[in-house]
Amino acid sequence: KKKDKDKKTDIDKCEAVASQLVTKSLLDESDAATRSFFVGTCVLCIGLAFIWLVANSYHITDTDWIGGILGLIHALTVAEIGLLVCLYYMVKDAGSSIRKSFQMKVFAAKIAASKKLSDMETITVEQYSWLVDGWSPFWAEGGSDTVAAEGKQLTKEEEAVASKLSAFSKKIDQDVSDRILAQSRISLFEGYREYVYLILNFFAFYGYFCCIVVFYYQEESAQPDYIRAMLLWMPNADADWLGNAVGDFMWTIEPFIILGSPTVIKSMSHKKKKEKLA
């Protein structure tokens, strides 16, 4: 009877934790969707500004088409505002990825030592996702047509999570902790890569910002000291040319890093150990 009671208590505990994880995941999904919309709008503004940057490369802005030089400056200003928001999130994401890397390393060491999920009550959504190698709830693929159907799917999701938690509370294979450890190294790489993006985009931001400043302060003799300092005491023509060149160069390097990253990440990914044949 005592064993049955303990078993029932464990099941209830798993169900309670599963319900908390599903609820927290839904809230996190809502926050992520809001951020994605906001950041996506900023990236769209930067993308649209490229129309004027390309037109400027072909000297189309020397004419009155698409607003001329003034249109280019307005497009750069909008892009700078969007880029400033992106720079903030680059700082935030870089720090978050590096912190996540160390948290994964500690978590991997903990489950490797205990061989099971010992403190289920304190598990977070992130930790559960690490254990199952990426949690993709049903709402990630789109919601149901009716509230009743969605309620049933939500119940099934909670049951599936509770079942996995129950299994993890009994045993966690060494391969799981090894995989989490490998993923922690990938997260660390992604954090440092985000700092590289930050540096490149900061120089691009500053370079194009100098072009805007030069446009609005064309008379060099009338420029305040802080404007001269921002332009590094260069003549307007040099500041405009160098600023544009630096911005173009930084945004030329960045795509190569973006394209090369998946290859690096793939080489760092965990390779499951092959079971020995009897």
Would you indicate whether the side-chain heavy atoms of [Y] and [X] approach each other to under 4.5 Å?
{"X": "F249", "Y": "I253", "result": "yes"}
{"X": "D133", "Y": "V176", "result": "no"}
{"X": "Y197", "Y": "I258", "result": "yes"}
{"X": "F168", "Y": "V132", "result": "yes"}
{"X": "V85", "Y": "T41", "result": "no"}
{"X": "V39", "Y": "Y88", "result": "no"}
{"X": "K164", "Y": "Y128", "result": "yes"}
{"X": "L242", "Y": "L232", "result": "no"}

Rounded to the nearest 0.5 Å, what separates atom [atom1] in [X] from atom [atom2] in [Y]?
{"X": "E158", "Y": "L154", "atom1": "CD", "atom2": "CG", "result": "5.0 Å"}
{"X": "F107", "Y": "L117", "atom1": "CZ", "atom2": "CG", "result": "6.0 Å"}
{"X": "Q127", "Y": "T122", "atom1": "CD", "atom2": "OG1", "result": "6.5 Å"}
{"X": "E126", "Y": "M104", "atom1": "CD", "atom2": "CE", "result": "8.0 Å"}
{"X": "L70", "Y": "D64", "atom1": "CG", "atom2": "CG", "result": "10.5 Å"}
{"X": "N56", "Y": "L72", "atom1": "CG", "atom2": "CG", "result": "4.5 Å"}

Is [X] reaching over with its side chain to a backbone N or O of [Y], donor-acceptor style, under 3.5 angstrom?
{"X": "S96", "Y": "K92", "value": "no"}
{"X": "S57", "Y": "L53", "value": "yes"}
{"X": "S19", "Y": "E15", "value": "no"}
{"X": "R228", "Y": "M234", "value": "yes"}

Query raised in the report: Can you check side-chain contact (heavy atoms from CB on, under 4.5 Å) on W52 and L76, steps first, answer last?
Result: CA-CA 8 Å; W52 279 266; L76 277 177; over 6 Å; no
Within a reach of under 6.0 Å around [atom1] of [X], are more than 12 heavy atoms found that belong to other residues, nucleotides or ligands?
{"X": "W241", "atom1": "CH2", "result": "no"}
{"X": "F189", "atom1": "CZ", "result": "yes"}
{"X": "D62", "atom1": "CG", "result": "yes"}
{"X": "D225", "atom1": "CG", "result": "no"}

Report yes or no: do [X] and [Y] belong to one cluster of Ile/Leu/Val/Met/Phe/Trp/Tyr joined by side chain heavy-atom distances under 4.5 Å?
{"X": "L181", "Y": "L188", "value": "no"}
{"X": "V43", "Y": "V78", "value": "no"}
{"X": "Y195", "Y": "Y89", "value": "no"}
{"X": "Y216", "Y": "Y208", "value": "yes"}
{"X": "I180", "Y": "I265", "value": "no"}

Query raised in the report: Just one of D93, L198, I46 clears the side chain to side chain contact (heavy atoms under 4.5 Å, CB included) bar with C86, so which one?
Result: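 Exactly one pass, corresponding to I46.
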Minimum heavy-atom separation for [X] and [Y], please, with both atom names.
{"X": "N236", "Y": "Q218", "value": "ND2-O, 3.1 Å"}
{"X": "R179", "Y": "W130", "value": "NH1-O, 2.7 Å"}
{"X": "S97", "Y": "S187", "value": "O-OG, 2.7 Å"}
{"X": "K116", "Y": "K171", "value": "CB-N, 4.1 Å"}
{"X": "Y217", "Y": "P224", "value": "CE2-CD, 3.9 Å"}
{"X": "C211", "Y": "I73", "value": "O-CD1, 4.2 Å"}

Query - Test item: side-chain donor near acceptor, Q174 and S177, under 3.5 Å - result: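 A pair is found: one side chain offers a donor N or O, the other an acceptor, under 3.5 Å apart.
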Query raised in the report: With distance as the sole criterion, is a donor-acceptor pair present between the side chains of S101 and K105 under 3.5 Å?
Result: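 No pair is found: no donor N or O on one side chain lies under 3.5 Å from an acceptor on the other.
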Requested in this report: Using the side-chain contact (heavy atoms from CB on, under 4.5 Å) rule, take M230 and Y206 through it: C-alpha gap first, then chi angles, then the decisive distance, then the call.
Outcome: CA-CA 9 Å; M230 286 170 62; Y206 196 81; 4.0 Å; yes
Report task. I would like to know whether E157 and W135 meet side-chain contact (heavy atoms from CB on, under 4.5 Å); could you show each step before the answer? Result -> CA-CA 11 Å; E157 191 70 44; W135 181 23; 3.0 Å; yes
Query - Parallel, tilted or perpendicular: rings of F209 and F205 (30°, 60°) - result: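 Ring orientation of F205 relative to F209: parallel.
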